[in-house]
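Presented below is the structure to which this report refers.
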Number of protein chains: 2
Amino acid sequence: MSGAPRSLAADGHSPMTEDDIGAAPAGSVARGSGVTLWRQIAEKLEAEILAGALAPGVRLPVEADLAERFGVNRHTLRRALSHLSEAGLIEATAGRGTFVKEPPLRYPIGPRTRFSEIVAAGGREPSGRFRGSTVEAADADVARELQLAIGTPVLRIETTHEADGVPISCGSAWFPAARCRDLDLVYEATGSLTRALATLGIEDFRRRETRITARPANPREMDILSLAPGRAVMVLERLDVEANGTPLQWGRSSFAADRVQLVFKP
Amino acid sequence: MSGAPRSLAADGHSPMTEDDIGAAPAGSVARGSGVTLWRQIAEKLEAEILAGALAPGVRLPVEADLAERFGVNRHTLRRALSHLSEAGLIEATAGRGTFVKEPPLRYPIGPRTRFSEIVAAGGREPSGRFRGSTVEAADADVARELQLAIGTPVLRIETTHEADGVPISCGSAWFPAARCRDLDLVYEATGSLTRALATLGIEDFRRRETRITARPANPREMDILSLAPGRAVMVLERLDVEANGTPLQWGRSSFAADRVQLVFKP
DNA sequence: GGTTATTTGTTCGTATGTATT
DNA sequence: AAATACATACGAACAAATAAC
């Protein structure tokens, strides 16, 4: 259990007698350089993360070891980690450890973006998960967007999306029930909306508009997306139309803001 | 969760035998309540600030006194202050003291779709306000986006944008200094980036990419955009290129997420 | 499935540095 | 120049969450 009290010179402090460390291997912090120790450590770790030496998902050494490596007190080391955590580069959990976070997934928004292609393009394993479906009466929002009369039956499908098992987004999409009968069943079976629509003979549709806002996550989103309180979600509303311009689906999804980067190219 | 620890005290510790406080006047923190001491203190102080009991500009008692008032160690008190400082509610200066900052104003914004076109147009609307400019060495981000060597001189222009007097966004844009000499002066004079660029003979440029993330607002954004703590900002990164493909400007702007709806049409 | 070990999180104590008044 | 007040750093102990046995 971490013996080696390291004696440390008594004399209260002894700011820099580089002798007692002996190693000071990769982590050598310059005491009295004008830059605080915790900032030097934070910058060093950040550089390693950005350079890829500390790959996403990698678990950092435990705090005690890191502190020893840098030759500082655990408090000082923790302050550096706290800084990186606020910057979104790492994530610490009591009892588990500290991990380098995945960089935000680039999520291109275009006329024909499909989730599976986006994620696959990022080299990750996509999975859409079916959470449930209902047939309900179109409310004012849905009716306006889908150009239906209020009260028209619409099929609502609730989904979540993951990349490599990490939840990315959750939300609902509404379809005209008459046009999309049993779409939910096929979707649940295949896990792919694109394929489910194809079975209905709908292969050509495109994004007509995308609207984005953001706000702190609500409890439901915190649960589904595994978000800490106070984190932000981007709320993306989208309208897809068929080739002839008929509204096909209108949806509203919440994205974990620190795991996704929405990308628009004209 | 929170399975009633309720043992508290635990003795074996006893640095402060509750007798010496005697008073525990306004500040009484509940030890062993499941909520950390620093958070209780932070919330208490925040409530006093938001309620107006601690008016803007008021100087807080010195840390030692505050720590005594709450019956905690100065470290614990400082952690609470640090939290408030990050949230932008207070500001501490060594040797001077800790002061309550001016409170963020709340702007009730009604229909928000008004601003969408402004934003979708790419931040070139005429209501931009010049906040300052500097010539600095390109850091890694700027250099990569503008395809310059790290350290190349770049012109940085800081702006805010308002609509009907309500702050909407703030951010910086970077230009190759060699290409855009005195751009800032012209911009400050005209208030229009498009016109300023035209005086440099740059009339044809286009948006190449727009990236969007979101996160809780930081103190600076809370200040400029008059945001309450915890509100979200959308961070929009954009790259403009000249007709021949040469990067012209790269910028990063923060939008008050609840006042703006970004609309993208393919 | 309960117990133990590991690891992060919180708190108090103390000393010293540095900027401001 | 000295006192004041925030800033940084080291040390020790315990609490709480998680993982491993």
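The sequence lines fix the lettering, A, B, ..., with proteins before strands; numbering per chain opens at 1.
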>> Taking the minimum atom-to-atom distance to the side chain of A:Glu63, which one of D:dC6, C:dC12, C:dT8 wins?
In response: C:dT8

> Tell me, which pairs form a side-chain hydrogen bond (donor to acceptor under 3.5 Å, both in side chains) where one or both residues lie in residues 92-104 of chain A, sequence neighbours left out?
Replying inline: A:Lys101-A:Asp258

> Closest approach of B:Arg259 and B:Pro167, non-hydrogen atoms and distance?
Replying inline: NH1-O, 2.9 Å

>> So if I take every side-chain heavy atom of A:Ala92 and compare against D:dT18, C:dT8, C:dA19, which nucleotide ends up nearest?
In response: C:dT8

> For the side chain of B:Arg74, counting heavy atoms from C-beta on, which of D:dA9, D:dA7, C:dT8 is nearest?
Replying inline: D:dA7

>> Whole angstroms only, please: what is the CG-P distance between B:Leu37 and D:dA16?
In response: 12 Å

>> Without decimals, in angstroms, what is the distance between A:Leu81 CG and C:dT10 P?
In response: 13 Å

> A:Leu84 and A:Glu46: which non-hydrogen atoms are nearest, and at how many Å?
Replying inline: CD2-CB, 3.9 Å

> In terms of side-chain heavy atoms of B:Arg59, which of C:dT10, D:dA9, D:dA5 is nearest?
Replying inline: D:dA5

> Which heavy-atom pair separates B:Gln249 from B:Leu146 by the least distance, and what is that distance?
Replying inline: C-CD2, 3.8 Å

> Rounded to the nearest Å, what distance is computed from the CZ atom of residue B:Arg39 to the P atom of nucleotide C:dT11?
Replying inline: 10 Å

> What is the distance, rounded to the nearest whole Å, between atom CG of A:Asp65 and atom P of C:dT7?
Replying inline: 8 Å

> Between atom CG in B:Leu77 and atom P in C:dT11, what is the gap in whole Å?
Replying inline: 11 Å

> If you take all heavy atoms of A:Phe255 and A:Leu225, which pair is closest and at what distance?
Replying inline: C-CD1, 4.3 Å

>> Holding to salt bridge (charged side-chain N to carboxylate O under 4.0 Å, His left out), I want the full list of residues that pass it with A:Glu86, two or more places apart in sequence or in another chain.
In response: none

> When rounded to the nearest 0.5 angstrom, what distance separates CZ in A:Phe130 from CG in A:Asp184?
Replying inline: 5.5 Å

> Toward the 5' end of DNA chain D, which comes first, A:Trp38 or B:Val62, by nearest nucleotide?
Replying inline: B:Val62

> Between A:Leu66 (CG) and C:dT8 (C1'), how many Å, whole number?
Replying inline: 12 Å

> Considering only side-chain heavy atoms of B:Thr76, which listed nucleotide, D:dC6, C:dC12, D:dT8, is closest?
Replying inline: C:dC12

>> side chain to side chain donor-acceptor pair (under 3.5 Å), that's the test. Do A:Ser172 and A:Arg156 meet it? Break it down for me.
In response: CA-CA 7 Å; A:Ser172 292; A:Arg156 172 185 186 165; 3.1 Å; yes

>> Quick check on the helix from C:dG2-D:dC21 to C:dT21-D:dA2: what's the angle between its two end axes, five base pairs per end, to the nearest 10°?
In response: 10°

>> From C-beta outward on B:Asn73, which listed nucleotide comes closest to its side chain: C:dT7, C:dC12, C:dT10?
In response: C:dC12

> Has A:Arg78 got a side-chain N or O lying under 4.0 Å from the OP1 or OP2 atom of C:dG9?
Replying inline: yes

>> Heavy atoms from C-beta onward define the side chain here; which of D:dA9, C:dT8, D:dC6 lies closest to that of A:Thr36?
In response: D:dA9

> For the side chain of B:Thr98, counting heavy atoms from C-beta on, which of D:dC10, D:dT8, D:dC6 is nearest?
Replying inline: D:dC6

>> Checking contacts here: which listed nucleotide (C:dT11, D:dT18, D:dA7) is nearest the side-chain heavy atoms of A:His75?
In response: C:dT11

> Please give, in whole Å, the distance from D:dT8 P to B:Arg79 CZ?
Replying inline: 15 Å

> Roughly how many Å is it from CZ in A:Arg31 to C1' in D:dC10, rounded to a whole number?
Replying inline: 9 Å

> Are OP1 or OP2 of D:dA19 and a side-chain N or O of A:Arg96 less than 4.0 angstrom apart?
Replying inline: yes

